[in-house]
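Just so we're on the same page: letters track the sequence lines, and every chain starts at 1.
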Number of protein chains: 2
Amino acid sequence: MPKKTFFNLPAEKRNSIISAAMYEFSANSYKTASINVICRESGIAKGSFYQYFADKLDLYVYIMTLAIEEKIRFFSSALSESNNPGLTEQIRMLFLKGVEFSKKHPLFAALGEQFSKEDVESAKSAVIREGGKLSGSLFLQMIQDAKDRGEIDGGIDPFALSLLLQSLSSAVSMYMHDRFGNTGYEINKEEVDNFVDSLLNILVHGIRIKNSI
Amino acid sequence: MPKKTFFNLPAEKRNSIISAAMYEFSANSYKTASINVICRESGIAKGSFYQYFADKLDLYVYIMTLAIEEKIRFFSSALSESNNPGLTEQIRMLFLKGVEFSKKHPLFAALGEQFSKEDVESAKSAVIREGGKLSGSLFLQMIQDAKDRGEIDGGIDPFALSLLLQSLSSAVSMYMHDRFGNTGYEINKEEVDNFVDSLLNILVHGIRIKNSI
DNA sequence: GAAGCATGTGACCACATGGTCATATTACTG
DNA sequence: CAGTAATATGACCATGTGGTCACATGCTTC
């Protein structure tokens, strides 16, 4: 946690530090991100930085926590908006929302991606300790609910399905990013929808030809 | 490509450089991996290093190419050993071989993982340029063949399925690594098999309850 | 104004980085 | 043996790092 001097700062200055740090951590790993750069870009002195934060890790955990909170807020508000549709629709929504999120908040998305790649164990575990629940449990809950409603085959391993969904969700975002780069999501909406439909179709019906067995 | 002086080296020295470099690049990103450390660990002088390699990138590309070649050799020999079983069995084999590979050649696997995370564009593209074909095309070929054999639903988007398989394959290895760490693969063989079966079951039959529709 | 306290500051530290280069050592050739 | 070409070497360079610290500035209270 940042020191109280940081929170006493005028909002403008505080925000300029935050956004400089977000940018730096979104473009670099924990190790290669530079405090010097963050200071330069946000226009504060090196000494001041250490008046606000205990050390590099302190800032890193703070920034990552902000990004995680934003993402959770985004998804849970999207989930609660919908009126409890079936699992399929929930999954479709999560995939599309994932794409939407990385288009709307590219900085936050980039932070998340950078974090998922993170090597430095101390940095990673410190963030997780702070961040609490992961998105994995979200999927697990959805799956369990769908099972209770009798919506999916009872023999399905919830854990395996959850892993599948998680890896798919990030794969979709990655694919979209590779394919369309930073061009608007709205422009390619149709193609995105089709692609997600294809994946969902495989997921729901399996790859085996219908009517066999 | 390393300079000819490198290939003139006695095999022992050459190998000690290679293995020191592999270790360093498997534990660090391109940027954070250290030439100094590689020199120290392999017992050569800094100046000698630059007699063998043009620069850091030269070494990086060389090492990564070695790892990729090894992986391709491993998989293609495994694929050709089998007598053309169905797609399901091919997929199962690839998943299991993926786990087996990371158990048998943890250094090579770690190199691959590190590469997939790589940030530095120049490093990444230089390796890809050298490495040629990716594993993605392997999946695509398998899918197309299976379609031609009428084994899977013609309506399935091969590209979507390929992406799904790719992301799943790496997810399986990652999950296994998280779950069992460096303990032997043989010990947990049963659990690994079960997990892969669960995933395959979802993939083949879909998540919808049987006999509905 | 004075005293006290919270903040701001940048020169500085020890250390590490990728890369160079003049020089020393070795190997080969006549 | 001499002479030449190949290779080995580590001090050195410019640049960067996270972090510290003595000091300067500003604000608040008496």
Looking at A/N8, I'd like to know whether one of its side-chain N or O atoms comes within less than 4.0 Å of OP1 or OP2 on C/dA6. no
One thing to verify: whether B/R73 and B/E70 come together as a salt bridge, which I'm taking to mean a side-chain N less than 4.0 angstrom from a carboxylate O. yes
Electrostatic pair B/D193:B/R92 at N-O distance under 4.0 angstrom: no
Check the distance between D/dG19's P and A/D58's CG and give it to me in whole angstrom. 10 Å
What does the B/S/- profile of nucleotides 9-17 of chain C look like, 5' to 3', with a 4.0 Å heavy-atom cutoff to protein? BB------S
Whole-Å distance separating the CG atom of A/L9 from the P atom of C/dT7: 9 Å
May I have the distance from B/I38 (atom CD1) to C/dG19 (atom C1'), rounded to whole angstrom? 14 Å
How do B/K4 and A/Y30 order along DNA chain D: which one's closest nucleotide is nearer the 5' end? B/K4
Between C1' on D/dA6 and NZ on B/K3, what's the gap in Å once rounded to a whole number? 13 Å
N/O donor-acceptor pair under 3.5 Å between A/S198 side chain and B/D157 backbone: no
Evaluate side chain to side chain contact (heavy atoms under 4.5 Å, CB included) for A/Q144 paired with A/L140, printing each intermediate quantity in order. CA-CA 6 Å; A/Q144 203 51 58; A/L140 265 181; over 6 Å; no
Looking at B/Y30, does the NZ or CZ of B/K56 lie under 6.0 angstrom from its six-membered ring centre and within 45 degrees of the ring axis? yes
Looking at B/Y50, I'd like to know whether one of its side-chain N or O atoms comes within less than 4.0 Å of OP1 or OP2 on C/dT20. no
Taking the six-membered ring for Trp, are B/F115 and B/Y60 parallel (under 30°), tilted (30 to 60°) or perpendicular (over 60°)? tilted
